[in-house]
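For reference, the structure discussed in these notes is given below.
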Amino acid sequence: QVQLVDSGGGSAQSGGSLRLSCAASGSMYGNYYLGWFRQASGKEREGVAVIERYGNTNYADSVKGRFTISQDNAKNTQITVYLHMNNLKPEDTAMYYCAAATYYIPSYSTLSADKYNDWGQGTQVTVSS
């Protein structure tokens, strides 16, 4: 099991930037997937970006070119994953959640929320026009 603590949300103007952080701890000695998901009011949770231990990434089309996921995994017992969000839009407003998986996920499913068992508590991002 992986413990996740999300932070870094807040408010921004359209076109602005924010950086989210997620501290992951637990049994993460093999490959893993650390992802960011978001859920806007009245909508389903959707995948935003995911990164694997060895650096492979995947992004939702809606954030490509604007968001970047990165990680600091120098220590197996404490890994931090970041979501750098640039050129924010009002439609990016949502609760953002970090999620982790330490088992295999097919590449075409890494942005599917139902593939992840461990979740952070979420951090709110609000973008005003």
Side-chain angles (χ1 to χ4, degrees):
Q1 189 174 4
V2 178
Q3 293 76 46
L4 302 165
V5 179
D6 309 334
S7 63
S11 299
Q13 296 283 337
S14 182
S17 300
L18 287 171
R19 188 185 78 166
L20 306 183
S21 300
C22 174
S25 58
S27 301
M28 304 182 71
Y29 297 102
N31 193 29
Y32 58 74
Y33 304 82
L34 286 171
W36 285 100
F37 294 77
R38 66 187 182 187
Q39 188 166 18
S41 179
K43 295 187 176 181
E44 292 188 357
R45 192 168 298 190
E46 63 175 358
V48 175
V50 65
I51 190 166
E52 297 181 47
R53 169 183 287 280
Y54 301 108
N56 292 334
T57 58
N58 193 15
Y59 293 92
D61 288 343
S62 60
V63 305
K64 283 180 181 177
R66 301 189 298 121
F67 291 10
T68 302
I69 190 169
S70 64
Q71 62 181 338
D72 177 357
N73 61 357
K75 299 179 180 179
N76 283 328
T77 54
Q78 179 76 47
I79 297 166
T80 304
V81 61
Y82 302 97
L83 185 67
H84 308 264
M85 304 185 294
N86 297 317
N87 192 18
L88 284 162
K89 302 177 180 181
E91 50 263 43
D92 295 319
T93 295
M95 184 71 80
Y96 283 70
Y97 298 90
C98 181
T102 56
Y103 39 81
Y104 174 70
I105 301 177
S107 58
Y108 55 83
S109 297
T110 55
L111 291 176
S112 298
D114 62 359
K115 301 300 183 186
Y116 293 78
N117 285 337
D118 297 314
W119 293 87
Q121 80 282 5
T123 185
Q124 178 69 36
V125 171
T126 303
V127 183
S128 57
S129 57

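Two residues are said to be in side-chain contact when any heavy atoms from C-beta on lie closer than 4.5 Å; V5 and Q121 meet this criterion. Residues V2 and Y32 fail the side-chain proximity criterion, which asks for heavy atoms closer than 4.5 Å. The side-chain heavy atoms of M85 and V125, taken from C-beta on, include a pair separated by under 4.5 Å. When side chains are defined from C-beta on, V81 counts as touching C98, because their heavy atoms get closer than 4.5 Å.
Among residue pairs with one or both ends in residues 46-80, none qualify as ring pair (Phe, Tyr, Trp, His ring centres under 6.0 Å); sequence neighbours excluded. Residue pairs satisfying the disulfide bond (SG atoms under 2.5 Å apart) criterion with at least one member in residues 55-97, sequence neighbours excluded, are absent. The list of ring pair (Phe, Tyr, Trp, His ring centres under 6.0 Å) pairs with a residue in residues 98-129, not counting sequence neighbours, reads F37-Y116, F37-W119.
E91 pairs by the side-chain contact (heavy atoms from CB on, under 4.5 Å) definition with K89, not counting sequence neighbours. Residues passing the side chain to side chain donor-acceptor pair (under 3.5 Å) test with Q39, sequence neighbours excluded: R45. Taking S17 as the reference, N86 meet the side chain to side chain donor-acceptor pair (under 3.5 Å) condition, with sequence neighbours excluded. By the salt bridge (charged side-chain N to carboxylate O under 4.0 Å, His left out) test, R19 pairs with no residue at all, sequence neighbours left out. By the side-chain contact (heavy atoms from CB on, under 4.5 Å) test, S62 is found to be paired with R38, A60, residues two or more places apart in sequence or in another chain being considered. Remark: K64 pairs with D61 by the salt bridge (charged side-chain N to carboxylate O under 4.0 Å, His left out) rule, at least two apart or across chains. E52 meets the side-chain contact (heavy atoms from CB on, under 4.5 Å) test with N31, Y33, N56; sequence neighbours excluded. Take S70 and apply the side chain to side chain donor-acceptor pair (under 3.5 Å) test, not counting sequence neighbours, and it matches H84. The side chain to side chain donor-acceptor pair (under 3.5 Å) test applied to T110 returns N58, not counting sequence neighbours.
Here the OG1 atom belonging to T126 is positioned 9.0 Å from the CE atom belonging to M95, to the nearest 0.5 angstrom. In this structure, OG1 on T123 lies 11.0 Å from CG on L83, to the nearest 0.5 angstrom. The structure places CG of L20 at 4.5 Å from CH2 of W36, a figure rounded to the nearest 0.5 Å.
Contact detail for G122 and D6: the closest heavy-atom pair is N-OD2, 2.7 Å.
L88 pairs in a side-chain contact (heavy atoms from CB on, under 4.5 Å) with only one of the listed residues (T93, L18, V63), which is L18.
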